[in-house]
Amino acid sequence: MSQEYFISATIQCDTALHIGIGSGHDAADSPIRRAADGTIHIPGRAVTGSLRTLATRLAPRLGMMPCDALLTSDEIDDRTETRKVKSESSDGGLPCGCPVCVLFGDVNPVDNVWERENGAVVESKASALWVYDATLLPPDKNANGQNPSGPATYVRDGVGIDRRTRTAAANVKFDYELVPANTQFALRLRLALDEADETAVILLTAALNEWQAGRGQLGGNVARGLGRFRLLNMTCGQTTIQTADDLYHYLLADDQVTQAQPLPGWPNQQLQAARAIRVDRSEEGRERSVLGLYCCVNFKLRFTDLFLANDPVTALLSDFDHAPLVEFMTFAGAGPAIISGSSLRGVMRSRAEKIARTLATAHWHQADNPKHAFDNYVMRCPACDVVNSQDGSPLASCDSRLNIPTTKEAPEEVFCLSCHLFGSQRRGSRLWVQDAPLDDQKLDTSDWQAQDFLAIDRFTGGGLHGAKFDAAPLVKARFKASLTLHDPLPWELGWLALLLRDLADGQVSLGFGSAKGYGRVQATHFNWEIGFITPADLKCKEGVCFPDSVKANAVPSGLYDLATAVSAEGNWLPTDWQTVAQTWVDAFKNKVHSYETHAKLERMQADSFFTEDGRFAKQFGPARAEVNNG
Ligand SMILES: [Zn+2]
Ligand SMILES: [Zn+2]
């Protein structure tokens, strides 16, 4: 009996979404396309790709067999040997036949056929799921009425900051076009199954529910704060063709969707069925990217005085050379300001690297022989400078020193600790930093303070010709920031904890003009969200990530249980987490002290801090440790 389901929903962008321009490298990971007539849409295959990835990572948590896509070729060979081959007309192995492959088409589309233990025949089938292009909903059709009257897209400017000089790194500047947060698209899916298949329906519903719970992602820029979305208004209709009469009416209909009856209880009934069959992640699960623990830290960033971020587009339109990064521009005035996820991430990375290098320096400086201190440090520097691709220069990036061809995947463990946590050009990151919008503040002219700046000629001390610029810093702005770390390890949490402590202590400044006293920021109002599918997720091979006590207030969220812990006023850590946080920090210190450059990485040639005779580089002045030693 064939069954057909029609699912419709609204895609709501929680963050801005990157648009490909249809040429050059930046189009490759972009989920949005612009048609010749200028309209924008999300191609169905971009949605399908994201949904398939999610279903693949999720299925093993529902006790379903892992897809071949998660296995190594050796593991696939082992699996093939245990299967009862029914017919084999070609090389190329057997079709996978897992529930994901039933929904989306088999990962191994070969003619060969095998038989399950229950006698069911498995042959490669085309996709049962069809996803239509998601079209832009006009602002007046938005359910939440939030779509702004501003332009549908805008251009954002990204700059890489050199770690040593704290200036814009050469050649690391890029523009990208975005649709703003809160934009909505209409999504339609059609699932056509040859025979009733409850497993496939439960898996698809569970995946869509993850999106409904706000955990959707599109495109490759999610770690930098782009491409997160949620589904609203999900509905599902079903047609069942049992008789010739059914078929006749079905084929006669103008729009087959009108033949569908609302599916009873969907999606809650199917979601409950999915939650009831959740299982612990297997030992190999982490390596296979099967879904597991995540933790999300929300906090507020309070600027104690003025905040200045550079955005040339806004600057151009508003006649200011410097202005806060503005999410929407209208010609009448600036809309709400945001700190982009990528700039927040850059600042956090830079601070995190400093923490790691300081710990390593302090540790290796203890070495008896100064020459050994240098060798040790260069061999064991835990954090490269990711934007420095000049091989041989101080802190040259892992990417530039990697002995693995760019065509091959580089595993996480070959990278330095910084690339491991924050990612590199070669490898994405499990740490996502979201765009930080203004915290319920409406900007008015009194929040802006126009100031003149004059660039000073380094030689004469006089004003540099033509180098006068205006600045429009924001006064005492407050932003809402959010970080998510997927599949954390205790040492990664330890590093994050030290970083958050520095932010809470006001040790980090943000935005341009920190030399002029701008951008001093303090993080406050911390609250933590911990998502787990089963309580076993709270631990990992390397130790405890979160105490069992977090289970107490967990509430269901899609397939996950979501626990929250609010930090007390003036504290970044929830009060009863002191003990576990100490174990994270100890794990991080051990990780830094025992870190050694992987054999696949060329050793660093030089460092910006240690010199070859074991002294600290002169331009930095004597290090505090030396001064203290007299
Ligand atoms: Zn499969
Ligand atoms: Zn690195």
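In listed order, ligands and their atoms are each counted from 1.
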For this session: Could you tell me whether the side chain of Asp435 and the main chain of Gly341 form a donor-acceptor pair under 3.5 Å?
Result: yes
What angle, to the nearest 10°, do the atoms SG (Cys98) and SG (Cys101) form about the Zn ion (ligand 1)?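 Vertex the Zn ion (ligand 1), arms to SG of Cys98 and SG of Cys101: 110°.
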At the Zn ion (ligand 1), what is the angle formed between atom SG of Cys96 and atom SG of Cys67, rounded to the nearest 10°?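 The SG/SG angle about the Zn ion (ligand 1) sits at 110°.
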Of all heavy-atom pairs linking Asn112 and Ser89, the shortest is OD1-N, 2.9 Å
- Task: Could you please compute the angle at the Zn ion (ligand 2) from SG of Cys416 to SG of Cys398, rounded to 10°?
- Result: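 Answer comes to 100°, rounded to 10°.
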| request: Describe, in one word, how the ring planes of Trp432 and His486 are oriented to each other, choosing from parallel (under 30°), tilted (30 to 60°) and perpendicular (over 60°). | output: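 Tilted: the ring planes of Trp432 and His486 meet at 30° to 60°.
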Please work out whether the ring planes of Tyr294 and Tyr560 are parallel, tilted or perpendicular, with thresholds of 30° and 60°.
->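 Perpendicular.
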So, is His420 placed with an N/O/S atom under 2.8 Å from the Zn ion (ligand 2), counting both backbone and side chain?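 No, His420 does not qualify, because none of its backbone or side-chain N, O or S atoms lies under 2.8 Å.
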